[in-house]
Amino acid sequence: MAIPWWRDAVVYEIYVRSFADASGDGVGDLAGIRERLPYLRKLGVDAIWLTPFYPSPMADGGYDVADYRGVDPLFGSLADFEALVADAHEQGLKVIVDVVPNHSSDRHPWFEAALRGEGRDRYVFRSSPDLPNNWQSTFGGPAWTRVAGGQWYLHLFAPGQPDFNWRNPEVHAEFLDILRFWLDRGVDGFRIDVAMGLYKAEGLPDVDDQSFTAVSPVWGQPEVHDVYRAWRKLLDAFPGERMAVGEVWTDDPVDLARYVRPDELHQSFNFAWLQAPWSATAFRKVIDDTLATVPFATWVLSNHDVVRHRTRYETADAGTGLDRARAALVTMLALPGSAYLYQGEELGLPEVKDIPPEARQDPVFLQSEGKIPGRDGCRVPLPWSDSGASLGFAPDGIRPWLPQPPEFAALSVAAQTGDPGSTLEFYRRALACRRELVGSIPHTIQWLDSPEDALFFSRGSLICVLNCGLRPVPLPSHDRVVLASGHLPEDRLLPPDTAAWLLS
Ligand code: GLC
C-alpha cells in the first residue's frame, strides 16, 4: 500500500479568528489566511486545519454552528473558501476543516423550529419538574436549560450549543450530506469536534464524575462507532485520500484506539502526549502506549483549548519553558506518525495570562463568572510585525479582537525571520530536516539505553535524544548532529531541557 499523505503529515492548526485579518474588522478571516499561505509553505507544513468559519452567533468562537454549509460574513464568503482551497492546493498544502456534530447553535434553523415545538426529536429535550439529571456543562453550570412551555434541552457545552439527538436518523443523514458538501468543495479531511460525544447513554442516568473518561454515560457510547464507519465509507468513496481526525478525549489508550479501527477514523489526537508532565518516564509511557495501540500515531503539544506548552512547561527558572517547548518539538517530530502544530507555537508564543476581564470572550470565563480564566490566553491574534496597532495582524490602525501583550512585538514573524537563534528559524530547520529524513527511516522506534531522566531512541540511522533531567548527559555515539533544540557543548553533552537528532 502506498503511504497515505496524512500518515507522516505535519498539520498546522489555524484558529481562524486569530491568524490574519485581511478585511480590517480586527478578526482573522479566510482572505487573511490566503495571503499568508506562502508563510506556511516556507515554514514547511503539509496541511492546514481550519477551525470553524461557518455562520455562527459566536457563543463559542464558532463552535456553535448555525449553518453547516456556509461561511460567516465575519470570515468571508464561500467564494473566499473556494479560492483558499485552490491556492492551498496549488502550493502543495492539504486542507482539513472542522465539523461539529455533537451540537449546533441555538440559532440553527432546526433548533429555532424546535423552540416553536417542531422537530424537538432532533435535539435532547426532556420534560421534568426539575433538572432532568445532574449533568454539568463542560463550561460550568447545569447542562440543561428550560424553554418556554417547561421542557429542558441538553447542552454539554454553552446554552447556545444544544446537543443533537443522534438516535434520530435525520441527524445522521444531515451530517453525511454536510460532509459531502465540503468534500465536493475539495477539502482533504475533517477534524471532528467532540468526537467521543454525539450519543448519550439511554435514560441519561446521573453521573459521579463527568471528566473525559472512557466509561461514562455522557461520553464514548458504543453507537458512535457506527457513525464513523458510515463516514469512513463516504470518505473512501471520494477520489483522493480524504481523511478524518477525531478530537477524542479519553483516559484510556485502548478506548482511543477504537476510534481508529481500519473502518473508522484515520487518526485521533493524542492528548496523552499533550497532557504528559515534563518527565522522561511520562513521555516514554505515552510513546509506548501509543505505538502499541494505534496503527497511525499522532502527536500534539498545543491547540486552541489548552494553555500553550511553552507556559505549561515553565518553572521558576526563567527561560525553561521555551527550552522545553523546543526540545519537545524535536522529540515529537522524530516519532513515527503525524504531528499537529498550533499557530504561534513556531514563534514560541506564551499563554497570555493578563487579558483584562472585559476583553475576555471565552464562554468558560463568562459561565464561571470569571473564576476560570478560560482559553482566550492561547487565542490572542498572531504578531506578524513588530509595530502597529495589531502587530501586523490586521490592516494599519485596526485593533485586534483580543489585545496583544507588548512582549509579542519581539516574538513577531518579522522580528524572528532571519535570526538563526529564533524559534521561528528553528521550526523551519526542524521541519525541513524532518521532511528530508522521514521517507528514509523506518516507521518504528527502538529504545536505546539512556541515563535516568533522559530518552534515547532510534529510527534506523536517526537517533533522537531528550534530556528532561537537571544535569547534562553524554550523547550516545554518533557521526553528526543534524538538529538540536539548543546548544550542545562540543557536540558531546546534552544539557537539561534539550533534545537533538543525531545520525549514526
Ligand atoms: C471542542 C473544541 C472547543 C469547543 C468545544 C465545543 O473541544 O475544540 O474549542 O469549545 O469542542 O464545541
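We count ligands from 1, going down the list as the structure has it; atoms in each ligand are counted the same way. Because the structure is predicted, anything quoted here is derived from the model rather than measured.
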Novice: Considering only NZ, NE, NH1 and NH2 on the basic side and carboxylate oxygens on the acidic side, decide whether Asp263 and Arg232 come within less than 4.0 Å.
Specialist: no
Novice: Anything with a heavy atom under 4.0 Å from ligand 1 counts, so go ahead and list those protein residues by chain and number.
Specialist: Asp60, Tyr63, His103, Phe139, Phe157, Gln161, Arg191, Asp193, Val194, Glu247, His304, Asp305, Arg375, Arg379
Novice: Between the side chains of Arg69 and Asp177, is the shortest nitrogen-to-carboxylate-oxygen separation below 4.0 Å, so that they form an ion pair?
Specialist: yes
Novice: Does any donor atom in the side chain of Asp255 or Thr250 lie under 3.5 Å from an acceptor atom in the other side chain?
Specialist: yes
Novice: Walk me through whether Lys200 and Asp163 qualify under salt bridge (charged side-chain N to carboxylate O under 4.0 Å, His left out).
Specialist: CA-CA 10 Å; Lys200 284 84 196 171; Asp163 280 55; 2.7 Å; yes
Novice: Give every residue pair that meets the ring-ring contact (aromatic ring centres under 6.0 Å, His included) criterion with at least one member in residues 328-381, sequence neighbours excluded.
Specialist: Phe269-Tyr340
Novice: Under a plain distance cut-off of 3.5 Å, with no hydrogens placed, do Tyr63 and Ser105 share a side-chain donor-acceptor pair?
Specialist: no
